[in-house]
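As a basis for the values below, the full set of heavy atoms in this structure was taken, side chains included, without hydrogen atoms, waters or symmetry mates.
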Amino acid sequence: MIILGIVGSPAGGKSTAAKYLAGLGAEWINADLIARDCLADVDVLAQLVERFGEAILLPATAPESTRTVDRAKIADLVFGEDEQKRNNLRYLESIVHPPTRRRILERIEQSAETGKPVALLDVPLLFESRWDLACDAIWCVHASLENRLDRIENRRWDRSELERREKCQLAIETKCRLSDHVMWNDSTLEALHENLHRQWLKLAKMNQWSGKLRPDPAGDGHKKHCLSD
C-alpha cells in the first residue's frame with residue numbers, strides 16, 4: 001500500500017482532489033473530520049470546558065442530550081496574533097492531537113488490512129506535524145490568488161479569512177518545494193481530474209515501494225523512510 005500525502009493552499013482545491021482520488025479507490029483519511037470527532041470525546045470535552053468554560057458549548061438540543069463544542073467559538077479563542085490566543089492554540093493541540101494521531105494510525109492500518117491501494121493522508125499541517133515522514137509521496141494542489149478569491153465566496157469567507165488561514169500554515173511556496181508533485185488548479189474541474197488520473201496511473205505502476213527512501217526535497221542530504229508495506 002502507498003501512503004500519499006496531500007497538501008495545498010486554502011481554497012486551492014485540495015478537498016476536491018481528495019474526493020476524486022477517493023472515487024478512484026484511495027482511502028481518504030481526513031484529519032479535520034477525525035479531529036472534530038475527537039472534540040466530542042468526553043475526556044477532551046471536559047478538559048476544554050475546564051480551560052475555557054461552558055460558554056464554548058452549543059445549547060443542548062434536548063433536556064438529556066450531551067452538549068457539543070461550538071467550533072466557531074473555539075476558533076475565536078485560538079486563532080490570532082496575541083500571546084493568549086497562541087497559548088490557547090497550544091493547549092487545544094496538546095489535547096486534541098494525541099487522540100487524532102492514534103485514530104489516523106488506526107485508519108492507515110485498516111486501509112492496509114482491507115487491501116486499499118492508497119491511503120490518502122489529508123492533514124492540514126502535514127509538514128509541520130511531521131506526517132510527511134509517513135508518506136511515500138506528497139502531492140500539492142494549488143491555485144492562483146485570483147481564482148481562490150473567487151472560490152471563497154461560496155464558503156462565505158472574505159479575503160481576511162483567507163489570509164488568516166494562510167498565516168496559520170506553512171507558506172505555499174514551501175509546500176510546493178517539499179512536495180513530489182504540484183498540481184495547478186486554475187483551469188476546469190475536468191482538467192484537474194485528468195491531471196489527478198494521470199498521476200494515479202503512475203502510482204499504480206509503483207509496485208516495489210517496500211524499503212525505499214524518498215529524498216528530502218529540502219536538499220540537506222537526509223532521507224525519509226517510506227512506511228509502506
Side-chain angles (χ1 to χ4, degrees), residues 5-19 22 28-104 106-107 120-129 131 140-143 145-172 175 185:
I6 187 166
V7 298
S9 51
K14 175 170 66 73
S15 295
T16 300
K19 183 178 180 180
W28 183 6
I29 303 174
N30 189 325
D32 266 345
L33 294 182
I34 293 173
R36 289 181 193 179
D37 288 342
C38 289
L39 284 175
D41 181 86
V42 174
D43 292 335
V44 170
L45 197 60
Q47 292 179 77
L48 292 177
V49 169
E50 182 179 359
R51 170 86 174 201
F52 301 118
E54 292 194 0
I56 64 167
L57 300 178
L58 291 167
T61 56
E64 300 300 324
S65 63
T66 301
R67 296 176 68 185
T68 57
V69 169
D70 185 332
R71 291 187 293 110
K73 289 183 178 179
I74 288 289
D76 288 340
L77 288 168
V78 303
F79 292 127
E81 297 298 320
D82 63 83
E83 187 62 26
Q84 182 60 52
K85 289 191 175 183
R86 286 195 289 266
N87 288 337
N88 288 343
L89 179 59
R90 284 190 286 268
Y91 179 80
L92 177 67
E93 290 175 341
S94 72
I95 293 173
V96 177
H97 280 190
T100 300
R101 184 177 183 83
R102 286 194 296 271
R103 295 187 190 189
I104 290 173
E106 289 171 0
R107 287 283 301 280
L120 183 62
L121 203 53
D122 181 1
V123 180
L125 302 179
L126 185 130
F127 292 110
E128 297 92 323
S129 55
W131 276 108
C140 182
V141 183
H142 186 30
L145 177 60
E146 180 182 3
N147 280 324
R148 291 190 291 126
L149 288 173
D150 286 340
R151 292 169 188 159
I152 64 174
E153 293 181 2
N154 295 328
R155 304 187 184 190
R156 298 180 181 177
W157 297 359
D158 57 17
R159 183 165 185 156
S160 64
E161 175 63 15
L162 183 68
E163 292 173 347
R164 182 186 70 78
R165 289 173 181 261
E166 287 178 331
K167 288 179 181 179
C168 294
Q169 302 179 16
L170 201 64
I172 186 60
K175 290 182 184 180
N185 183 28

Does any N or O in the side chain of Lys14 come within less than 3.5 Å of the main-chain N or O of Val141, such that one atom is a donor and the other an acceptor?
no
Donor + acceptor pair across side chains of Gln84, Asn88 (<3.5 Å)
yes
Would you mind reporting whether Asp122 and Leu33 have side-chain heavy atoms less than 4.5 Å apart?
no
Could Glu161 and Arg165 be called an ion pair, given the rule that one side-chain N must be under 4.0 Å from one carboxylate O?
yes
Taking atom NZ of Lys85 as the centre, does the number of heavy atoms from other residues, nucleotides or ligands within less than 6.0 Å exceed 12?
yes
Quick one, Leu45 and Leu57 - any side-chain contact, counting heavy atoms below 4.5 Å?
yes
Of Ile74, Asp76, Asp70, which meets side chain to side chain contact (heavy atoms under 4.5 Å, CB included) against Ile56?
Ile74
Donor-acceptor check, side chain of Gln169 to backbone of Pro124, threshold 3.5 angstrom: yes or no?
no
Between the side chain of Arg148 and the main-chain N/O of Ala143, is any donor-acceptor distance below 3.5 Å?
yes
Give a yes or no on whether the backbone of Ala55 and the side-chain of Lys73 come within a donor-acceptor separation of less than 3.5 Å.
yes
Residues, nucleotides or ligands: over 12 heavy atoms within 6.0 Å of Glu83 CD
yes
Would you name the heavy atoms of Ile34 and Arg107 that are closest together and state the gap between them?
CD1-NH1, 4.2 Å
Nearest heavy atoms of Arg101 and Ser129, plus distance in Å
NH1-O, 4.4 Å
Shortest non-hydrogen separation from Asn185 to Gly12 and the atoms involved
ND2-O, 3.0 Å
Could you check whether atom CZ of Arg71 has more than 12 heavy atoms from other residues, nucleotides or ligands sitting under 6.0 Å from it?
no
